[in-house]
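Sequence lines set the chain letters: A, B, ... in the order given, protein chains first and strands last, and positions in each chain run from 1.
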Amino acid sequence: MAGPLYSIPGTTPSAASADPPPAQPPVADGARTVAAVLAQTQAGAVMDELERDLVGLAPVKARIREIAALLVIDKLRLNLGLSAASPSLHMSFVGNPGTGKTTVALRMATILHRLGYIRKGHLVAVTRDDLVGQYIGHTAPKTKEVLKKAMGGVLFIDEAYYLYRPENERDYGQEAIEILLQVMENQRDDLVVILAGYKDRMETFFQSNPGMRSRIAHHVDFPDYQAADLLQIADKMLAQQHYHFGPGARAAFVEYLERRLTQPQFANARSVRNALERARLRQASRLFGDQERELTADDLTTISEADIRASRVFQDAAAAPKK
Amino acid sequence: MMTNPTGRVTQGQFSFLPDLTDAEIVLQVEYGLSKGYAWSVEYTDDAHPRNTYWEMYGMPMFDLKDAAGVMTELAACRATFPEHYIRLMAFDSTRGIESVAMSFIVNRPSKEPGFGLVRMEGRNREIRYTVHSYATDRPENERGGQ
Ligand SMILES: Nc1ncnc2c1ncn2[C@@H]1O[C@H](COP(=O)(O)OP(=O)(O)O)[C@@H](O)[C@H]1O
Ligand SMILES: [Mg+2]
């Protein structure tokens, strides 16, 4: 920083005191090409990571690229002095549970931060209970406290439609929505709001809250995963935790997925995570039962076919034909 | 009894300097946040040097990542009490410290009432002194500007 920002009373103020520097240096200063912006801000690296780490989700990735493209071009325009209104960045992520909405929101926060659209890049994830109070006068302070924590980053509101309860006209959720709307409009530079939830319920929510719809610039659809995607996700999850499928286990897991997909309460990648969690438990108790055996690294990292086939999903299926 | 020629209350940090601009306040708040301090906003109509506890404007703000939250609260306080003294305080909750680490005035009445020195004569021509806030000469609901 060049010189102090203050001046001693009685002296002529220095040039610096008239115009203090912004809290954060502008990113990608002087860049003239898309590549330069991506490189200087390292937003490109995050987008590549998103591409690589997340299985499937082709339409989502395409949308994220579109949004990033808009922001990068905006940066370039700014560098040439072509000002534009600061873009509205509030988004809605709709899709079934476990389709990666929270995961992508986290990456989105990083991308927005790298490109300089939010100052800190953290994500605050909340639900109705974090915003709405129990009695009169409780909601506004609660919502404002959350908003203050989210400033500089992304506020992620999961199952946002629960904020609106038409059956109770005195529901405090409406108050939270109004405060949100105000901040989304007036403090665009301070935070980005992402609403998440089921597609149909979000649609109903927007229909009864046109103010909210009009402030959301980007709607992103998260499709359900195909079985092949889920298998790949399982491989990734296992690798991350230093496990792998033993002989026959992968094929068993494919079968598992086929059955599980048709059952109710299927939650996409989250169900995969939970299934693997349970398989790890079974592996551990299998090894635990054999107390004298010397365990090799291979023993400790292998999920066997039996660990998968012991799942309730297979038992139910086996029991069903007998009925 | 203003002992400084500018006729301004000098309490806390930076109080001999011209008022901080909002951009400068943001820099201070960011510094405090980087140290993990919790900021709070307080106001009073009587900046008597012995008036340690001002009124709290909302709760202290824990777990903030960015100064914008503090500035939002400050803007609301200024709108409510434009002619009061307002200060920002940073609380360091580190075990063993647990006290105010930073404090500075961010809003003043347009005319600062100042203080007077009161001399009270006691027995044997003994003189006792005390500082009197002119602000308190008026009823509470009439203080804070004209
Ligand atoms: N495309 C993907 N590739 C790898 N893991 C994924 C993918 N999508 C989701 N997951 C994993 O699935 C779990 C649930 O995802 P999450 O983002 O919480 O879903 P949602 O918020 O839509 O319910 C997380 O543990 C996440 O890491
Ligand atoms: Mg989620």
Side-chain angles (χ1 to χ4, degrees), chain A residues 1 3-14 16-25 109 112-113 116-126 130 137-138 140-155 179-180 182-193, chain B residues 2-10 12-41 56-77 79-80 88 90 104-106 108 112:
Chain A
M1 202 183 299
L5 293 175
Y6 53 82
S7 60
I8 306 297
T11 65
T12 40
S14 68
S17 72
D19 193 18
Q24 198 194 6
L112 293 175
H113 175 52
Y117 284 92
I118 47 180
R119 289 186 296 270
K120 298 289 149 57
H122 61 295
L123 179 127
V124 173
V126 298
D130 300 295
H138 194 196
K142 245 181 127 162
T143 303
K144 285 181 186 162
E145 192 179 334
V146 167
L147 283 166
K148 283 185 274 178
K149 285 181 188 170
M151 279 181 188
V154 168
L155 177 62
I179 296 171
L180 277 173
Q182 219 176 349
V183 172
M184 285 166 77
E185 187 63 30
N186 301 334
Q187 295 188 268
R188 281 189 196 180
D189 296 339
D190 289 333
L191 92 165
V192 167
V193 175
Chain B
M2 292 285 194
T3 50
N4 72 76
T6 53
R8 289 153 51 87
V9 164
T10 50
Q13 299 164 282
F14 322 124
S15 61
F16 285 92
L17 299 176
D19 288 338
L20 299 188
T21 64
D22 278 8
E24 289 165 340
I25 295 171
V26 166
L27 293 179
Q28 294 300 330
V29 173
E30 286 290 344
Y31 170 79
L33 290 178
S34 76
K35 293 282 186 182
Y37 302 158
W39 285 100
S40 53
V41 181
M56 291 166 69
Y57 189 84
M59 294 293 154
M61 291 168 265
F62 289 92
D63 305 324
L64 259 55
K65 295 279 187 297
D66 189 84
V70 179
M71 298 309 285
T72 305
E73 206 68 357
L74 171 58
C77 186
T80 318
L88 293 184
F104 54 91
I105 293 176
V106 288
R108 297 165 181 275
E112 299 195 48

Taking every non-hydrogen atom, the tightest pair across A:K148 and B:L64: O-CG, 3.7 Å
Residue pair A:K149 / B:D63: nearest heavy atoms and the distance that separates them: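 So the minimum-distance heavy-atom pair works out to CG-O, 3.7 Å.
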Stepwise side chain to side chain contact (heavy atoms under 4.5 Å, CB included) test for B:E30 and A:K120: CA-CA 11 Å; B:E30 286 290 344; A:K120 298 289 149 57; 2.8 Å; yes
Interatomic spacing from CD in A:E145 to CD in B:E73 - rounded to 0.5 Å: 9.5 Å
Euclidean distance, A:D190 CG relative to B:T72 OG1, rounded to 0.5 Å: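 One finds 6.0 Å between OG1 of B:T72 and CG of A:D190.
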Under 4.5 Å from a heavy atom of chain B, the part of A:Q187 involved: side chain
Heavy atoms from other residues, nucleotides or ligands near CE of B:M59 exceed 12 (cutoff 6.0 Å):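 Result for CE/B:M59: open.
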Chain A contact via B:F62 - which portion, at a heavy-atom distance below 4.5 Å: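 B:F62 touches chain A through backbone heavy atoms alone.
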